[in-house]
Undergrad: 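Below you'll find the structure I mean.
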Amino acid sequence: MASISNGGNNNNNNNNSSSSNNAAGSGTLQALRANVVDRYWNDIAAHFREPGFSTFDKERTRRAADRDPEFMRKLLLAVITDRPGQGDILPSVIAKSSCDFFSSLDRNGKTEFLRLLARDFGVLQEDVVKAAEQYQDYAHKEPESKALLRAEQLLRHAIVPGHNKFFDRVSRLPGGLKFLIDMRQDLLSVIQANRGDAYLSSLNESLKEKLQAWLVGFLDLERLTWQSPAVLLEKITQYEAVHKFNDVQDLKRRVGPGRRVFALMNKSLPDEPLVFVQVALVERLSDNVQDILSDPSPGHANPAETVKCAIFYSITTQLGNFLIKRVVRSLKVEFPQIETFSTLSPIPGFRTWIVQCQNLGQKLLLPQEESVVSQLGQETGAASGDVEDQFSAILKHPSTFSDSEIMGKLRPILGRLCARYILLEKRRHLALDPVANFHLRNGACAHRLNWLGDTSTKGMEESFGMMINYLYSLDHIEMNNQQYLRDGTISVSSKDTGFQKVLMDSAAGYRQDGGHGEEEGQGGEEEEGQVVQVNGSNFRLLEIVTA
């Protein structure tokens, strides 16, 4: 601190040197602030001891865990359990120790930690049953008594899982929210590999609710530009998972005049973009993401004169529903003439779905498509087996997607199957594809399939290069959202003949009135669009003009 004090003394003696010394002092303060909190916690950890733990030093804690199979359980129990006389500091020190311990674990270790937190520190069923019986007893005998209110309070307390206290303790630590956000990413990966584990799913729901309560109401929309702090720009290059950044020039293009990057920020995490979206401002609806990514100079001297369409070409789905609506409002203020808000989205589950259908022996080809596949089987040397086996072999053949003639013959087949996958394949009553479900539940409509919309290696591996535009029509967003969440009704743009053909070929019948307005007692207002009923699901065809 001597240098800061000296800077202050120089200020009294020499005005010319004051500004430079103050700047240096300010810089020193900024440098110190970054380490003060960590040093504070390290000092406390070095002097505190908890019965059963030799130290809170990372390495010693790790060695203790290796020696004691029950160490992980003891550590979590120490974080969650309240004990008389332990004060306020020690529980926080133990919580920080548990965070450091979790961060030091490998994938298997984190899986074990999360399973333990989910299974052994959830809701205590015996306590819930006892509290419920007591509440029911008082409700019958003393419905207006204070005893009933107390029983109600005990019941509420009993149904709160123990791991919620872990989340609460960690959230109050410096950097605790960021730790919990990262922990949830690990948790989602573990759930992906253990889909049938109900305890892990319950843990995820608890953490999701906590994060929403802590973050959602306090999010600020911020546009990132080339003048934004370097740490923020670096973070988006690290976090971008759909279309990776190539280099600094690529980053500069994507935050330049004809592009926008918006992020949701929380004041408690000033250097952490929680979610972000990349937007292309263009004259017409785009059908190929490489055209957007490889544009050497996106934008123009005065974008406001020619921009007619905003394309969301990369978006984080977590909290994305909050982000899209706020970005649309922001862009509408900046560019009032924009009427077309659309995504250019991947279809990540399409190829996996085809492979699963083939492995289960399901028939994918129509009679008129079988002759095309048989001919291609002869040309590619994949003529063994029945026509469905040949189709599977063709899709796996390394030369298939580098041959334009073969691709031309496969296009109508894959286009039909992709339209079927987006519209007709369901998880319960909602769309099977995760990206489709995300945008449809946000009020978008399925607008157009784009053949070879993403020719990157990832795009070809996930969806044979196909992409889709989901359209956010301001006149239909609210109704689309309500109908999709109510009964799974998918709004479809009538502009895409592939979508129409799949629906028409499978349709059991039509309703010309456009839907449920009168049935639900909504004052007789007619919804726009023709409703097609297919296999028990409703689809609303919309006539929407786009740029």
Undergrad: Can you measure from CG (Leu485) to CG (Leu430) and round to the nearest 0.5 angstrom?
TA: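 Those atoms lie 7.5 Å apart.
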Undergrad: Tell me whether Ser103 contacts the main-chain N or O of Cys99 through its side chain, where contact means a donor paired with an acceptor under 3.5 Å.
TA: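 Confirmed, Ser103 side chain pairs with Cys99 backbone.
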Undergrad: Taking the side chain as C-beta and beyond, is there a heavy-atom pair between Ser537 and Lys426 under 4.5 Å?
TA: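 Heavy-atom side-chain distance check passes, below 4.5 Å.
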Undergrad: Would Arg156 and Tyr135 count as a side chain to side chain contact (heavy atoms under 4.5 Å, CB included) if you check the C-alpha gap in whole Å, the side-chain angles of each, and the deciding distance to 0.1 Å?
TA: CA-CA 10 Å; Arg156 284 201 306 268; Tyr135 177 78; over 6 Å; no
Undergrad: Please check if atom NE2 in His429 has more than 12 non-hydrogen atoms from other residues, nucleotides or ligands closer than 6.0 Å.
TA: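 Enclosed.
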Undergrad: What are the two closest heavy atoms between Ala139 and Pro143, and how far apart are they?
TA: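 Taking Ala139 first and Pro143 second, the nearest heavy atoms are O-CB, 3.6 Å.
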Undergrad: More than 12 heavy atoms of other residues, nucleotides or ligands under 6.0 Å from CD of Gln136: yes or no?
TA: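 Count not over threshold, so no.
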Undergrad: Quick check: do Val255 and Ser228 have side-chain heavy atoms less than 4.5 Å from each other?
TA: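 Side chain of Val255 against side chain of Ser228, heavy atoms only: no contact under 4.5 Å found.
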Undergrad: Which heavy atom of Asp197 sits nearest a heavy atom of Tyr199, and at what distance?
TA: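 So the minimum-distance heavy-atom pair works out to OD1-N, 3.0 Å.
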Undergrad: Is Glu240 reaching over with its side chain to a backbone N or O of Val242, donor-acceptor style, under 3.5 angstrom?
TA: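 Flag set: sc Glu240 to bb Val242 pair under 3.5 Å.
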Undergrad: Answer yes or no: is there a donor N or O on one side and an acceptor on the other, between the side chain of Arg184 and the main chain of Leu207, under 3.5 Å?
TA: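 No; judged by distance alone, with no hydrogens or angles, the pair does not exist.
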Undergrad: Under 6.0 Å between the ring centres of Phe179 and Phe102?
TA: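 Yes.
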Undergrad: On the six-membered ring of Phe245, is Arg254 placed so that its NZ or CZ lies under 6.0 angstrom from the centre and within 45° of the ring axis?
TA: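 So Arg254 does make the cation-pi contact.
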Undergrad: When rounded to the nearest 0.5 angstrom, what is the spacing between CG in Asp127 and NE2 in His157?
TA: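 The CG atom of Asp127 sits 8.5 Å away from the NE2 atom of His157.
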Undergrad: May I ask you to test the Leu449-Met466 pair for a side-chain heavy-atom distance under 4.5 Å?
TA: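 Sidechains of Met466 and Leu449: in contact.
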Undergrad: State, to 0.1 Å, how close Leu232 and Pro273 come at their nearest heavy-atom pair, and which atoms those are.
TA: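 Heavy atoms only, the tightest pair is CD2-CD, 3.9 Å.
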Undergrad: Determine the interplanar angle of the Phe350 and Tyr421 rings, folded into 0 to 90°, and report it as parallel if under 30°, tilted if 30 to 60°, perpendicular if over 60°.
TA: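 Rings of Phe350 and Tyr421: tilted, as their planes differ by 30° to 60°.
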Undergrad: Rounded to the nearest 0.5 Å, what's the gap from CG on Leu293 to CG on Asp250? Could you check?
TA: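 Reported value, rounded in 0.5 Å steps: 7.0 Å.
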Undergrad: Considering only distance and modelled atom types, tabulate donor-acceptor pairs under 3.5 Å from the side chains of residues 434-441, sequence neighbours left out.
TA:
residue	atom	partner	partner atom	Å
Asn437	OD1	Tyr484	OH	2.7
His439	ND1	Tyr472	OH	2.8

Undergrad: How about CD on Gln125, more than 12 heavy atoms from neighbouring residues, nucleotides or ligands closer than 6.0 Å, or not?
TA: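 12 or below, so no.
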Undergrad: Does His163 have any ring-ring contact (aromatic ring centres under 6.0 Å, His included) partners at least two apart in sequence or in another chain, and if so, which?
TA: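 Applying ring-ring contact (aromatic ring centres under 6.0 Å, His included) to His163 gives Phe167.
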Undergrad: When rounded to the nearest 0.5 angstrom, what distance separates CG in Asp454 from CD in Glu462?
TA: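 Result: 8.0 Å between the selected atoms.
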Undergrad: Where the side chain of Lys235 meets the backbone of Asp271, is there a donor-acceptor pair that is under 3.5 Å apart?
TA: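 Judged by distance alone, yes, a pair lies under 3.5 Å.
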Undergrad: Answer yes or no: is there a side-chain heavy-atom contact under 4.5 Å between Lys458 and Pro346?
TA: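 No, too far: nothing below the 4.5 Å cut-off.
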Undergrad: Starting from the C-alpha separation in whole Å, work towards a yes-or-no answer on salt bridge (charged side-chain N to carboxylate O under 4.0 Å, His left out) for Arg172 and Asp168.
TA: CA-CA 7 Å; Arg172 293 192 286 269; Asp168 289 336; 5.4 Å; no
Undergrad: Would you say the side-chain atoms of Asn266 pair up with the backbone N or O of Phe218, donor to acceptor, closer than 3.5 Å?
TA: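 Yes, the answer is positive, given that a donor and an acceptor are paired below the 3.5 Å cut-off.
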Undergrad: Is any side-chain heavy atom of His243 closer than 4.5 Å to a side-chain heavy atom of Gln278?
TA: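 When only atoms from C-beta onward are counted, Gln278 and His243 do not touch, as no gap falls below 4.5 Å.
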Undergrad: Is the shortest distance from a Lys or Arg side-chain nitrogen in Glu126 or Lys130 to a carboxylate oxygen in the other one below 4.0 Å?
TA: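 The answer is no: the pair does not qualify as a salt bridge.
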Undergrad: Please report the shortest heavy-atom distance between Ala131 and Ala158, naming the atom on each side.
TA: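 Scanning both residues completely, I find the closest heavy atoms to be CB-CB, 4.1 Å.
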Undergrad: Identify which one of Asn442, Thr343, Ile477 satisfies the side-chain contact (heavy atoms from CB on, under 4.5 Å) criterion when paired with Ile324.
TA: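 The option that passes is Asn442.
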Undergrad: Taking all heavy atoms of Lys244 and all of Gln238, pick out the closest pair and write down the distance.
TA: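 Nearest heavy atoms, Lys244 then Gln238: NZ-O, 4.3 Å.
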Undergrad: To the closest 0.5 Å, what do you measure between CZ (Arg107) and OG (Ser189)?
TA: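 Atom-to-atom, Arg107:CZ and Ser189:OG are 5.5 Å apart.
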Undergrad: Apply side chain to side chain contact (heavy atoms under 4.5 Å, CB included) to residues Phe341 and Lys332 and explain how you reach the verdict.
TA: CA-CA 10 Å; Phe341 295 92; Lys332 196 65 178 172; 4.2 Å; yes
Undergrad: Check for a donor-acceptor pair, side chain of Ser330 on one end and backbone N or O of Arg326 on the other, with a separation under 3.5 Å.
TA: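 Checking the backbone N and O of Arg326 against the side chain of Ser330, no donor-acceptor pair under 3.5 Å is found.
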Undergrad: What I'd like to find out is whether the side chain of His447 reaches to under 4.5 Å of the side chain of Phe499, using heavy atoms alone.
TA: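 His447 vs Phe499: side chains apart.
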Undergrad: Could you tell me which non-hydrogen atom of Ala147 sits nearest to which non-hydrogen atom of Tyr138, and how far apart they are?
TA: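 The pair with the smallest heavy-atom distance is CB-CE2, 3.5 Å.
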Undergrad: With a 3.5 Å cut-off and no angle check, do the side chains of Gln153 and Arg150 form a donor-acceptor pair?
TA: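 On atom types as modelled, these side chains qualify, holding a pair under 3.5 Å.
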Undergrad: What do the steps show when you test Tyr470 against Ile422 for side chain to side chain contact (heavy atoms under 4.5 Å, CB included), and what is the final call?
TA: CA-CA 11 Å; Tyr470 293 104; Ile422 293 293; 3.7 Å; yes
Undergrad: Does any non-hydrogen side-chain atom of Val534 lie less than 4.5 Å from one of Leu423?
TA: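 No; the side chains remain at least 4.5 Å from each other.
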Undergrad: Which is it for Leu221 and Leu264 under the side chain to side chain contact (heavy atoms under 4.5 Å, CB included) test, yes or no, and what are the steps along the way?
TA: CA-CA 5 Å; Leu221 183 67; Leu264 287 180; 4.1 Å; yes
Undergrad: With the side chain counted from C-beta on, respond yes when Ile292 and Arg259 share a heavy-atom pair under 4.5 Å apart, and no when they do not.
TA: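 Side-chain contact under 4.5 Å: yes.
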Undergrad: State which residue, out of Val160, Val128, Asn164, fulfils the side-chain contact (heavy atoms from CB on, under 4.5 Å) condition with Val123.
TA: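 Output: one option passes, namely Val128.
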Undergrad: Would you say Arg351's side chain and Met460's backbone share a donor-acceptor pair under 3.5 angstrom?
TA: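 Yes, Arg351 side chain to Met460 backbone: donor-acceptor pair under 3.5 Å.
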Undergrad: Would you find a donor on one side and an acceptor on the other, under 3.5 Å apart, between the side chain of Ser97 and the backbone of Val93?
TA: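 Here the side-chain-to-backbone pair does not exist.
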Undergrad: Can you tell me how far apart CD (Glu272) and CG (Asp182) are? Round to the nearest 0.5 Å.
TA: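 Reported to 0.5 Å precision, the distance equals 7.0 Å.
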